[in-house]
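Just below is one structure, and these are the notes that go with it.
Letters go in sequence order (proteins before strands), and every chain restarts at 1. Quick caveat: nothing in here was measured; it's all calculated off a predicted structure.
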Protein chains: 2
Amino acid sequence: MEVKDKHIVSMMRHQGHKITPQRRAILNVIARSDGHLTPAALYQRVKQRYPRIGLVTVYRTLDLLAGLGLICRVHTDGGCRNYLLRRPEEHHHHLICSGCAKVVDLADCNMAAEAARISGKTGFEIERHLVEFIGRCSHCRQMALAKGF
Amino acid sequence: MEVKDKHIVSMMRHQGHKITPQRRAILNVIARSDGHLTPAALYQRVKQRYPRIGLVTVYRTLDLLAGLGLICRVHTDGGCRNYLLRRPEEHHHHLICSGCAKVVDLADCNMAAEAARISGKTGFEIERHLVEFIGRCSHCRQMALAKGF
DNA sequence: CTGCAAATGAAATTAATTTTCAATAAGTGA
DNA sequence: TCACTTATTGAAAATTAATTTCATTTGCAG
Ligand SMILES: [Mn+2]
Ligand SMILES: [Mn+2]
Ligand SMILES: [Zn+2]
Ligand SMILES: [Zn+2]
């Protein structure tokens, strides 16, 4: 995480963006979170470390990081709040627990063939894709069982 | 579309929901639209036929229809506005043009094996999934070409 | 250091969605 | 057909999310 932060920081500087303590704080929170965060949730956490920060800065930083491809979004059903997410370097899919909202990254994508097929069938030039599986993690299933369904 | 409307109406009545002219109007608009609509866009179109309708009614009807599984949502990048969508009966995927936002339904889903594999690997009980391909339709590609990239 | 463009944050603004509540109307059953 | 009951409607207010403005601050190149 230390290393990754440095990597990100150097990448940002390289693209002409300034490194501010606010951005550092936001990056730290994102880096140490293992799930997804709404802008508001992120703001709450960042404020503990950096109380003076404004929510606007969070939004702006998120836009920036998303633009640089350093973070990505998840779109969940049920209230389309756009969630935030720490992004592994490579393309991946998501497995989301409908009970506790835990998110598991699925690294192995084999949609290439499917994409090619669809491209051939529709004439689209496929740029990217989004795959989310929604289900119940074993922990949540056991909870449900314990409470008699 | 006539037929489908009737089917939906009878299903709603069967579940104890009343059929109001507002709901009819909304259903008609959804049925004759071939793409996705935001609540606001839907509202605009419905008002032409039924000027007295309120936006609230649109939201409520959308919630109702979504709850009944008669429509579904699409989650697009870039402003997580939750789009609305006419729903074929069966599960399907989406192919979205990043140029003109046209949406193509992809009926043939063969994610079952993948879901089973993931389930086995992670202990999740997979409930459903969401697949979206994003790309450029041929029309938009030609536009781009005409303008010299 | 200095200077300047980039970045910040308070506040106002816009936009989307939900809640409230009194009035209305759909469907039911006499 | 005629109430009657209850779901539904819609205006308005209230929430909530996100963006814009703009004066002030600050990172960092020179
Ligand atoms: Mn991920
Ligand atoms: Mn569809
Ligand atoms: Zn993939
Ligand atoms: Zn599928």
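Residues passing the side-chain contact (heavy atoms from CB on, under 4.5 Å) test with B/Ala66 are B/Ile71, sequence neighbours excluded. When the side-chain contact (heavy atoms from CB on, under 4.5 Å) test is applied to B/Ala25, the partners found at least two apart in sequence or on another chain are B/Val46, B/Tyr50. Judged as a side-chain contact (heavy atoms from CB on, under 4.5 Å), and not counting sequence neighbours, B/Gln48 has no contacts. A search for side-chain contact (heavy atoms from CB on, under 4.5 Å) contacts involving B/Tyr43 returns B/Lys47, B/Ile53, B/Leu55, B/Val58, not counting sequence neighbours. Remark: B/Phe124 pairs with no residue by the ring-ring contact (aromatic ring centres under 6.0 Å, His included) rule, at least two apart or across chains. A search for salt bridge (Lys or Arg N to Asp or Glu O under 4.0 Å) contacts involving B/Arg60 returns nothing, not counting sequence neighbours.
Annotation: the terminal axes of the helix from C/dC1-D/dG30 to C/dA30-D/dT1 meet at 40°, where each axis is the rotation carrying the C1' atoms of four end pairs onto the next four (5 pairs per end, rounded to 10°).
Residue pairs that meet the salt bridge (charged side-chain N to carboxylate O under 4.0 Å, His left out) test with at least one member in residues 111-127 of chain A, sequence neighbours left out, are A/Glu114-A/Arg117, A/Arg117-B/Asp108, A/Lys121-B/Asp108, A/Glu125-B/Arg141, A/Glu127-B/Arg136.
Straight-line distance from the OH atom of B/Tyr50 to the C1' atom of D/dG10: 10 Å, rounded to whole Å. Remark: P of D/dA18 and OH of A/Tyr43 are 14 Å apart, rounded to the nearest angstrom. In this entry the distance linking CZ of B/Arg24 with P of C/dA26 reads 10 Å, nearest Å. Following rounding to the nearest Å, B/Asp63 (CG) and D/dT9 (P) show an atom-to-atom distance of 12 Å.
The A/Thr57 side chain lies nearest to C/dT8 when the options are C/dT8, C/dG27, D/dA12. Each of C/dA16, D/dA18, D/dT9 was ranked by its minimum atom distance to the side chain of B/Tyr59; first place goes to C/dA16.
Near DNA chain D, meaning a heavy atom under 4.0 Å from it, residues 14-23 of chain B has B/His17, B/Lys18, B/Thr20, B/Gln22, B/Arg23 in order of number.
As judged by a 4.0 angstrom heavy-atom cut-off over every strand, B/Arg13 is placed among residues touching the sugar-phosphate backbone only. When heavy atoms are screened at a 4.0 angstrom cut-off, B/Arg52 is found touching the sugar-phosphate backbone but no base atom.
Here the straight-line distance linking atom CG of A/Leu106 with atom NE2 of A/His91 works out to 10.0 Å at 0.5 Å rounding.
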